[in-house]
Amino acid sequence: MSSSQSSDSIASTHEDAHERVREVSEFGAWIDGEYVSAASGETVATRDPVVDEPIVEVPRCDEREVDRAVDAAWDAFDAEWSDTTPAERSRLLFEWVSVLEDHVEELALLDSIDTGRPKSDARGEVEGAIDTLEYYASLARGQEARQIPAREDVHIYTRHEPYGVVGQITPWNFPTWAAAWKLGPALAAGNAAVLKPSAQSPLSTLRMVELAADIFPDGVVNVVTGTGSEVGGPLTEHEDVRKVSFTGSVGVGEHVMKAAAEHVAPVTLELGGKSPFVVFPDADLDKAVDAVATGIFYSTGQICDGFSRALVHEDVAAEFTDRFVDAAESYVLGDPLDEETTMGPLTSAEQFETVSEYVEIGQQEGATLLTGGSAPDDPELADGWYFEPTVFTDVDNDMRIAQEEIFGPVQTIQTFSTYEEAIEVANDTDFGLAAGLATESTDIAHNAAADIEAGLVYVNEYGPILSEAPYGGFKDSGIGNDLGTEALDHYRQTKSVYVNLDDPDLE
Ligand code: NAD
């Protein structure tokens with residue numbers, strides 16, 4: 001577990017990278033086909049967590065820009081967007097895909113600098129985002145409705161219609177991917193969108209929509225930058241926003257749902273998780289260790305569906321734990337722009353504080369810290385919010401470290417002895433986003449996949465996330481889905497049309 005960087009200064013590499021980022025674009029709020037400043041004249045800086053320095057100032061918008069963006073979106077919808085055919089929208093989405101394909105490296109750099117994730121991971125996520133847009137470009141033309149043969153004298157058919165203008169809010173942790181998950185289905189279904197990215201990582205979203213400037217009519221896609229309370233609040237409360245889709249924490253999600261309820265706008269909520277990974281006694285431990293390590297340490301543990309709770313059968317617990325600690329200690333912490341780096345820093349000082357506090361809480365609760373638990377002892381990394389991969393054992397399920405979303409590289413290991421106990425402990429959480437299983441038995445795999453309360457179940461792996469498969473949480477982890485045909489449905493409302501058919505009469 002060491003820095004991949006030699007004495008080359010991370011600080012000077014990042015100074016150069018910030019310069020390159022600033023050359024990419026001016027990064028305003030994107031409203032009605034152009035970059036605009038906030039009426040207040042205020043800006044908010046995005047920060048690079050590797051060196052804890054500001055990168056770019058973006059407009060600190062408020063309800064004035066939200067109003068302006070919603071108006072622009074309705075104007076675009078009414079003027080021409082609502083008349084487009086699915087085939088036309090499909091062609092435009094494919095055009096966007098083709099432009100984005102020429103900017104993968106640039107978008108990966110923006111996401112890496114903005115969030116601290118290894119650039120190699122960011123590249124894969126940008127490619128995933130492009131794949132999602134390509135999927136919805138394909139799906140757009142396949143949209144069909146129904147004819148309902150209820151009676152001979154009434155011809156009944158359904159129409160799927162867009163909501164008009166939708167409001168979308170994304171979290172900081174997967175900026176490009178999250179934007180594609182929201183915009184792809186919304187546009188394919190025929191909506192205009194106003195999207196608010198996280199104030200911590202807005203750069204790639206702004207650049208993505210700027211790259212679509214010559215593709216979609218002005219006002220069809222808008223991005224309003226700023227804080228959650230100043231932009232997210234007014235967007236979800238806006239009377240003219242007909243549908244809200246939110247990805248983020250449970251606490252903010254509840255707030256969003258209440259705000260949307262005030263004007264009866266439907267919501268899709270993709271919220272947090274505390275996902276169990278159950279290692280059964282017949283598991284292939286190589287696969288299990290690999291899946292759990294990737295599942296908790298990818299993105300420095302800042303992943304909603306991360307396998308933060310390993311539940312391991314008592315017969316294999318000792319061996320699993322030894323191998324897992326080795327896997328944790330093999331991560332290469334370093335400059336995310338270095339292709340050898342496998343773990344970057346946490347995204348902010350606040351997140352570093354939170355994760356440090358949970359480590360203390362875990363120790364106070366009586367769990368045993370096996371490795372990690374603090375910032376690495378490496379002067380090269382001292383400026384960033386780095387945190388060592390951390391593993392706790394002797395964990396009870398009622399401990400806070402086993403129940404609360406830490407959003408950092410902290411794994412808890414618990415043991416079980418029977419199938420029933422494994423399922424009970426796996427389900428003993430308010431969350432229900434994802435779960436994993438390691439077993440070589442199809443009987444165990446399919447039964448456990450059915451018995452665990454989660455919206456996603458991975459057997460013998462972590463990921464992949466594919467655009468075709470719906471993604472969403474049970475219980476407090478959310479409502480509805482991103483991805484798949486399900487997400488397209490969330491952006492359409494269904495109308496039944498009844499046409500009276502009298503008997504044919506030529507007299
Ligand atoms: P967050 O809830 O703090 O913020 C999410 C977004 O909501 C940001 O854009 C933020 O500015 C905005 N926001 C904040 N206050 C708001 C308000 N009052 N009204 C409207 N919008 C407001 O989450 P985060 O720290 O950006 O992301 C981490 C969280 O997101 C974790 O809980 C993680 O599990 C979750 N997440 C879930 C998924 C999923 O698909 N289920 C994916 C990624 C992240």
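Counting starts at 1 for both ligands and their atoms, in listed order.
The side-chain hydrogen bond (donor to acceptor under 3.5 Å, both in side chains) test with Tyr471 singles out one residue from Asp482, Asp305, Asn481, and that residue is Asp305. For the side chain to side chain contact (heavy atoms under 4.5 Å, CB included) with Val279, the qualifying choice from Leu437, Ile413, Val312 is Val312, the only one to do so.
You'll find the side chain of Gln411 stays beyond 4.5 Å of the side chain of Thr390, heavy atoms only.
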Enumerate, one pair per line, all nitrogen or oxygen atoms of ligand 1 lying under 3.5 Å from a protein nitrogen or oxygen, stating the separation to 0.1 Å; write 'none' if no such pair exists.
from, atom 1, to, atom 2, distance (Å)
ligand 1, 2 (O), Ser249, N, 2.8
ligand 1, 2 (O), Ser249, OG, 2.6
ligand 1, 9 (O), Thr170, O, 2.7
ligand 1, 9 (O), Lys196, NZ, 3.3
ligand 1, 11 (O), Lys196, NZ, 3.0
ligand 1, 26 (O), Trp172, N, 3.2
ligand 1, 30 (O), Gly248, O, 3.4
ligand 1, 32 (O), Glu405, OE1, 2.7
ligand 1, 34 (O), Glu405, OE2, 2.6
ligand 1, 41 (N), Leu271, N, 3.4
ligand 1, 41 (N), Leu271, O, 2.8

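For Arg22 and Phe27, the positive end is not near the middle of the six-membered ring at less than 6.0 Å and at most 45° from its axis.
A donor atom on one side chain and an acceptor atom on the other are found under 3.5 Å apart for Thr268 and Lys243.
Taking all atoms of both residues into account, the shortest heavy-atom contact from Ala259 to Glu237 is CB-CG, 3.9 Å.
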